[in-house]
Amino acid sequence: MIHLLYPKLYVQSLFEIDQDDLYRRGIRGILFDLDNTIVPRDRDCCPEAITLWLKKLQQRGFKLCIVSNNRPSRVQALAAALGVPAVHRAVKPVKRSFIRAMGLIQTAPRETAVIGDQIFTDVLGGNRLGLYTILVTPLPGREFWATRMISRRLEKIVLHCFKKACDAWK
Ligand SMILES: [Mg+2]
């Protein structure tokens with residue numbers, strides 16, 4: 001059961017993700033979380049370096065879609081600025097929004113990755129559908145109070161178990 005909370009890949013920064021490796025694994029579509037993954041939660045635009053990195057993914061042939069639990073106005077404005085489709089108020093880890101996002105970019109679960117900063121929404125939701133889940137350390141910035149007070153504390157426990165499991169596999 002706890003394995004559903006473990007990401008397939010855990011990185012400190014988006015820039016550590018090897019785009020060629022994803023392509024070789026057969027990944028063609030990537031579902032992105034928004035807040036603290038590609039945009040700091042207290043900002044209204046995507047940092048330039050991340051925008052360029054996303055463009056590179058698109059040029060490489062990946063189809064991108066944002067899947068966010070945040071409100072329509074914020075999600076749609078940021079998605080429009082990046083030129084990608086989006087699913088807002090996604091209620092992750094519910095499967096429905098991930099399925100809808102895959103429908104928007106026309107990819108099957110086995111060729112779709114999820115990239116996000118939260119275990120209990122992004123990783124759990126993606127794993128439930130068999131997607132390639134990538135956990136990234138959150139961007140610096142203010143967080144939603146419930147994320148800070150509850151989710152991050154529980155994530156610490158899961159990450160501790162995950163690291164122990166990784167060491168055991170070595
Ligand atoms: Mg997030």
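When a ligand or atom number is given, it counts from 1 through the structure's own listing order. Hydrogens, waters and symmetry mates are skipped; everything else that's a heavy atom, side chains included, is used. Counting from 1, the numbers follow the sequence of the chain as shown. A quick note: this is a predicted structure, and the numbers were derived from the prediction, not measured.
The Mg ion (ligand 1) is closest to atom OD2 of Asp33 (considering only N, O or S atoms). Within Asp117, OD1 is the N, O or S atom that lies nearest to the Mg ion (ligand 1). The closest approach of Asp35 to the Mg ion (ligand 1), by N/O/S atoms, is made by O.
Remark: Arg28 is not positioned above the aromatic ring of Phe62, lacking an NZ or CZ atom under 6.0 angstrom from the ring centre and at most 45 degrees off the axis.
Ion pairing between Asp20 and Arg24 fails under the 4.0 Å rule for side-chain N and carboxylate O. In summary, Arg152 and Asp117 engage in a salt bridge, as defined by a charged side-chain N under 4.0 Å from a carboxylate O.
Here Trp53 contributes atom CH2 and Phe15 contributes atom CZ; the two are 7.5 Å apart, rounded to the nearest 0.5 Å.
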